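Down below is the structure, laid out as structure tokens.
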Amino acid sequence: MRMLLVSDLHYALKQYDWTAAAAPAFDLVVIAGDQLDISSSLDGGVQVLVILKYLQRLARSTRLVVSSGNHDLDRRDDDGERVATWMERVRRLGVPTDGDSLTLGDTLVTICPWWDGPKAREAIARQLARDAAAPKRLWIWVYHAPPEGSPTAWDGRRCWGDAELSAWIDLYRPDMVLAGHIHQAPFKRDGSWVDRIGDTWVFNSGQQIGPEPPHIVIDTDEPAAAWFSLAGVEMVRLDEPLVRPVDSLSRLPDWVPSIPGPDPIPA
């Protein structure tokens with residue numbers, strides 16, 4: 001399976017255009033939270049309407065999963081916790097989202113919501129326990145925040161990782177966690193786009209300016225993952241220990257599909 005990971009697009013419509021153009025080259029596209037931009041002057045409801053049209057377009061060309069992030073929270077529930085209620089509209093498009101699971105062959109993808117309090121946190125705990133018992137060869141979590149203590153959660157000054165996620169990783173040992181949230185992590189000294197916690201690979205593509213989002217291509221057959229950004233291209237083998245510094249590439253790997261936009265390195 002060949003996957004594309006992006007996150008934290010924050011209503012950057014040119015980056016959605018790029019993602020939609022790239023989508024047909026992948027078996028699965030993952031948008032790991034923060035579709036919206038709460039700092040924008042544009043009303044959040046209007047943003048939702050536009051993003052839903054993009055997600056519908058993406059879903060026509062490949063399998064798509066979408067999780068909520070902290071910028072996507074639009075209401076408070078009866079317990080006062082902030083929730084992304086518009087994810088239900090994403091689900092009605094046929095796109096697996098918060099609380100859902102997707103089975104692709106022998107791979108199980110668990111999509112977790114952003115949690116704002118104990119009620120949502122406990123729902124995630126039940127979701128992970130449920131999926132832990134499901135048959136699978138490969139288990140992938142989509143979870144907006146990176147884990148505590150990981151360089152994928154480092155912003156250059158401090159670590160903003162999720163301690164609950166770290167505990168769940170220790171308990172269930174998923175194969176991969178596809179995250180985002182900390183925009184600067186891949187670009188900062190002591191930060192990274194990739195980490196390995198025991199047997200679990202953790203990825204965070206980060207955020208950058210321009211029409212092409214930083215993105216991670218993962219090929220489970222190769223098996224390898226490559227990060228593409230304005231800072232260059234790096235790659236790790238998923239069947240080997242993680243070694244730092246991560247290898248930079250001078251040529252595009254054969255397993256990376258041709259995608260739109262200027263190649264960051266010569267093919």
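Everything quoted here is computed from the prediction, not taken from an experiment. All values below come from the heavy atoms of this structure, side chains included, with hydrogens, waters and symmetry mates left out.
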* **I140 with L171, same ILVMFWY side-chain cluster at under 4.5 Å** => no

* Minimal non-hydrogen separation, G105 against T103, with atom names -> O-CG2, 3.4 Å

* What heavy-atom pair brings I218 and L238 nearest, and what distance separates the two atoms? -> CG2-CD1, 4.0 Å

* Quick one: CE on M176 to CG on L5, what's the gap to the nearest 0.5 Å? -> 10.5 Å

* To do: Start with the C-alpha distance between D100 and R91, add both sets of side-chain angles, then the distance that settles salt bridge (Lys or Arg N to Asp or Glu O under 4.0 Å), and finish with yes or no.
  => CA-CA 9 Å; D100 293 334; R91 184 176 290 107; 2.9 Å; yes

* Asked: Could E222 and R237 be called an ion pair, given the rule that one side-chain N must be under 4.0 Å from one carboxylate O?
  -> yes

* Distance in Å, I169 CD1 paired with E164 CD, rounded so as to fall on 0.5 Å steps -> 12.0 Å

* Asked: When rounded to the nearest 0.5 angstrom, what is the spacing between CD1 in I51 and CG in D37?
  -> 10.0 Å

* **R196 atom CZ, neighbour heavy-atom count above 12 within 6.0 Å** => yes

* Structure fact -> Rounding to 0.5 Å, atoms CE (M3) and CG (L28) come to a distance of 6.5 Å

* **Check: S68 main-chain N/O paired with D98 side-chain donor or acceptor under 3.5 Å** => yes

* Are more than 12 heavy atoms from other residues, nucleotides or ligands located less than 6.0 Å from atom CG of D239? -> yes

* Asked: How long is the gap from CG on L138 to CG on D175, to the nearest 0.5 Å?
  -> 4.5 Å

* Asked: Looking at F187 versus W227, is the centre-to-centre ring distance below 6.0 Å?
  -> yes

* State, to 0.1 Å, how close C159 and E148 come at their nearest heavy-atom pair, and which atoms those are. => SG-C, 4.4 Å

* To do: Please answer whether the main-chain N or O of M1 pairs with a side-chain N or O of T220 as donor and acceptor at a distance below 3.5 Å.
  => yes

* Asked: L13 and L42: same hydrophobic cluster, using ILVMFWY side-chain contacts below 4.5 Å?
  -> yes

* Have D195 and S150 got a donor and an acceptor in their side chains that come within less than 3.5 Å? -> yes

* Where the side chain of D34 meets the backbone of N70, is there a donor-acceptor pair that is under 3.5 Å apart? -> yes

* **Check ion pair R57-D17 (N to O, under 4.0 angstrom)** => yes

* Is the backbone N or O of P223 less than 3.5 Å from a side-chain atom of D219, with the two atoms forming a donor-acceptor pair by type? -> no

* Asked: Regarding D72 and Q35, is there a side-chain donor-to-acceptor distance under 3.5 Å anywhere?
  -> yes

* Asked: Side chains of W18 and P211: does their closest heavy-atom pair fall under 4.5 Å?
  -> no

* In sequence, state the C-alpha distance, the side-chain angles, and the governing distance for S101 and R130, and then conclude on side chain to side chain donor-acceptor pair (under 3.5 Å). => CA-CA 10 Å; S101 301; R130 177 200 70 199; 2.9 Å; yes

* To do: Would you mind reporting whether V194 and W201 have side-chain heavy atoms less than 4.5 Å apart?
  => yes

* Structure fact -> Rounding to 0.5 Å, atoms OG1 (T19) and CG (L4) come to a distance of 6.5 Å

* Side-chain heavy-atom pair F26, P257 within 4.5 angstrom cut-off -> yes

* **Donor-acceptor under 3.5 Å (Q15 side chain, G210 main chain)** => yes

Which donor-acceptor pairs under 3.5 Å do side chains of residues 109-119 form with protein atoms, sequence neighbours excluded?
from : atom 1 : to   : atom 2 : distance (Å)
T110 : OG1    : D131 : OD2    : 2.6
T110 : OG1    : W139 : NE1    : 2.8
W115 : NE1    : Y143 : OH     : 2.9
W115 : NE1    : D162 : OD2    : 3.2
D116 : OD1    : R82  : NH2    : 3.4
D116 : OD2    : R82  : N      : 2.9
K119 : NZ     : D79  : OD2    : 3.1

* To do: Report yes if the side chains of V83 and R76 come closer than 4.5 Å at any heavy-atom pair, otherwise no.
  => no

* Are I31 and L58 close enough that some pair of their side-chain heavy atoms sits under 4.5 Å apart? -> yes

* Asked: Honestly, is R158 close enough over W154, meaning NZ or CZ under 6.0 Å from the six-membered ring centre and within 45° of the axis?
  -> no

* **Heavy-atom check, side chain of L9 versus side chain of Y11, under 4.5 Å** => no

* Structure fact -> Per ring-ring contact (aromatic ring centres under 6.0 Å, His included), H71 is matched among H10, H183, H181, H144 by H10

* Asked: So do the side chains of P253 and V256 get within less than 4.5 Å of each other, counting heavy atoms only?
  -> yes

* Side chains of I38 and L73 in contact at under 4.5 Å (non-hydrogen atoms) -> no

* Identify whether the distance between the nearest side-chain nitrogen and carboxylate oxygen of R2 and D27 falls below 4.0 Å. => no

